[in-house]
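Position 1 is the first residue of the sequence; numbering continues from there. Only this structure's heavy atoms are used, side chains among them; waters, hydrogens and symmetry mates stay out.
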Amino acid sequence: MLGAIEAGGTKFVLAVGPSPDRIIARHSIPTTSPDETLGEAAAWLDQHGALKAIGIGTFGPAQLDRSAADWGHITNTPKAGWQNCDIAGFFARELGTRVALDTDVNAAAIAEAAARPDCSGLAYITIGTGIGGGLVVGGHPVHGAAHPEMGHILPRRHPADSDFPGICPHHGDCLEGLASGPAIKARWGVSLSALPADHIAHTVIADYIAQLCHSLSAITAVEVIVLGGGVAKTPKLVERIATRTQTIDAGYLPGGSRHRIEAPRHGDNAGIIGALMLADQIV
């Protein structure tokens with residue numbers, strides 16, 4: 001059996017199964033303190049017997065360099081209490097098994113890329129409590145000096161949204177500070193899906209995410225951009241973003257129709273399937 005953890009800022013999703021395409025048990029728990037959340041997750045996984053490996057897709061920032069002394073740690077996250085949490089080491093010690101770790105968005109990107117074997121490059125963007133992105137090129141997630149932090153680019157401000165300062169504690173009006181779920185509620189009082197279809201918020205948020213999509217296509221020539229997360233489930237938002245991305249591009253990028261913006265083929269399971277794939281790679 002393989003174990004998997006999709007460690008999110010709001011909840012942890014847990015799963016076990018003999019392979020990434022066969023989940024036999026699944027469970028979710030709220031993300032509270034590290035001691036409480038990790039302990040509860042380990043207890044649930046342990047009741048399923050010895051696990052060959054565990055794959056973790058975690059919120060970040062996280063240390064992914066195995067040569068680093070703090071490999072497997074969540075590092076300077078803004079989530080209170082979780083700074084410098086040794087998430088990989090905890091499960092390795094408690095469950096006595098090997099652990100593979102990547103970001104939650106890279107895990108989802110790995111799963112979505114595997115669902116499109118003809119695609120050479122794919123980005124997965126989650127728009128929810130935060131905004132993050134994972135990039136898979138040639139079947140491998142992009143790490144480099146660390147992992148991508150796509151939610152912290154600085155977009156051009158929409159003219160109808162010029163006064164909002166943003167909520168990111170590091171950058172103020174970066175993409176996450178402007179277009180995440182909490183940023184939407186901070187200036188309009190409710191979630192994007194609760195606003196009328198003709199509310200200006202839909203245009204503003206689509207514009208900000210479209211700027212990221214166009215930048216990704218221009219910089220990486222990625223073929224497919226997958227939009228996940230709670231905000232992305234807002235009716236017609238994916239279509240609005242795709243249309244706005246084309247408008248921004250103005251027909252310039254040579255990839256043309258090969259650049260696609262889509263919803264996740266795995267739905268809400270992309271992250272946990274990707275975590276199982278991480279585990280499967282180290283057995």
Side-chain angles (χ1 to χ4, degrees), residues 1-8 13 15-24 26 51-58 60 64 66 98-128 131-144 147-148 150 209-210 212-229 232-233 237-239 241-242 245-246 249 253-283:
M1 296 288 285
L2 302 170
I5 301 168
E6 182 183 6
V13 179
V16 294
S19 65
D21 58 358
R22 189 179 169 211
I23 295 174
I24 65 168
R26 177 186 171 118
L51 300 172
K52 292 188 293 184
I54 296 171
I56 303 173
T58 182
L64 304 182
R66 278 192 172 268
R98 288 171 287 181
V99 173
L101 178 83
D102 212 317
T103 63
D104 49 357
V105 282
N106 265 347
I110 290 167
E112 289 294 321
R116 300 166 177 83
D118 60 335
C119 175
S120 63
L122 178 142
Y124 182 95
I125 301 168
T126 184
I127 317 161
I131 295 179
L135 180 63
V136 172
V137 177
H140 300 285
V142 171
H143 291 156
H147 53 78
M150 299 181 193
I209 303 300
L212 172 58
C213 292
H214 182 259
S215 295
L216 278 169
S217 297
I219 295 168
T220 71
V222 67
E223 291 180 62
V224 178
I225 298 173
V226 178
L227 301 178
K233 294 179 181 179
L237 182 62
V238 172
E239 293 86 349
I241 293 168
T245 303
Q246 291 178 342
D249 181 56
L253 290 179
S257 62
R258 290 185 64 188
H259 295 293
R260 309 192 306 273
I261 296 175
E262 302 177 353
R265 291 188 179 178
H266 287 302
D268 291 338
N269 289 321
I272 201 67
I273 290 172
L276 282 167
M277 292 176 70
L278 291 172
D280 196 41
Q281 290 170 3
I282 61 170
V283 297

[X] [atom1] to [Y] [atom2] distance, which is reported to the nearest 0.5 Å:
| X | Y | atom1 | atom2 | value |
| --- | --- | --- | --- | --- |
| Leu227 | Ile209 | CG | CD1 | 7.5 Å |
| Ile54 | Met1 | CD1 | CE | 12.0 Å |
| Leu278 | Ile5 | CG | CD1 | 11.5 Å |
| Leu122 | Thr220 | CG | OG1 | 10.0 Å |
| Met277 | Asp21 | CE | CG | 9.5 Å |
| Arg98 | Gln281 | CZ | CD | 12.5 Å |

Do you know which two heavy atoms are closest between [X] and [Y], and how far apart they sit?
| X | Y | answer |
| --- | --- | --- |
| Val142 | Pro148 | O-CD, 3.3 Å |
| Ala53 | Val283 | CB-CG1, 3.6 Å |
| Ala100 | Ala279 | CB-N, 4.5 Å |
| Ile282 | Val99 | CD1-C, 3.6 Å |
| Pro141 | Ile110 | CG-CD1, 4.1 Å |
| Tyr124 | Ala270 | CE1-CB, 4.4 Å |

Evaluate the side-chain proximity of [Y] to [X]: yes if any heavy-atom separation is below 4.5 Å, no if none is.
| X | Y | value |
| --- | --- | --- |
| Val226 | His266 | no |
| Met150 | Ile131 | no |
| Ile23 | Leu276 | yes |
| Ile24 | Pro18 | yes |

Under the criterion side chain to side chain contact (heavy atoms under 4.5 Å, CB included), I'd like the reasoning laid out for Asp249 against Ser217: C-alpha separation, chi angles, the key distance, then a yes or no. CA-CA 10 Å; Asp249 181 56; Ser217 297; over 6 Å; no
May I ask you to decide if Ala221's main-chain N or O and His259's side chain share a donor-acceptor pair within less than 3.5 Å?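 Flag not set: sc His259 to bb Ala221 has no pair under 3.5 Å.
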Ignoring hydrogens and geometry, is there a side-chain-to-backbone donor-acceptor pair from Glu112 to Arg265 under 3.5 Å?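 Such a contact is found between Glu112 side chain and Arg265 backbone.
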Please evaluate residues Ile261 and Thr245 with respect to the criterion side chain to side chain contact (heavy atoms under 4.5 Å, CB included), reporting the C-alpha separation (whole Å), side-chain torsions for both, the decisive distance (0.1 Å), and the verdict. CA-CA 9 Å; Ile261 296 175; Thr245 303; 3.5 Å; yes
Answer yes if the side chains of Asp102 and His147 hold a donor-acceptor pair under 3.5 Å, and no otherwise.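 Note: Asp102 and His147 side chains miss the donor-acceptor criterion.
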Can you list the steps and then say if Thr103 with Leu64 is a side chain to side chain contact (heavy atoms under 4.5 Å, CB included)? CA-CA 8 Å; Thr103 63; Leu64 304 182; 4.3 Å; yes
Please indicate whether Arg116 has more than 12 foreign heavy atoms, meaning atoms of other residues, nucleotides or ligands, lying under 6.0 Å from its CZ. yes
Greater than 12 external heavy atoms within 6.0 Å of His143's NE2: yes
Side chain to side chain contact (heavy atoms under 4.5 Å, CB included) evaluation trace for Leu216 with Ile125: CA-CA 11 Å; Leu216 278 169; Ile125 301 168; 3.8 Å; yes
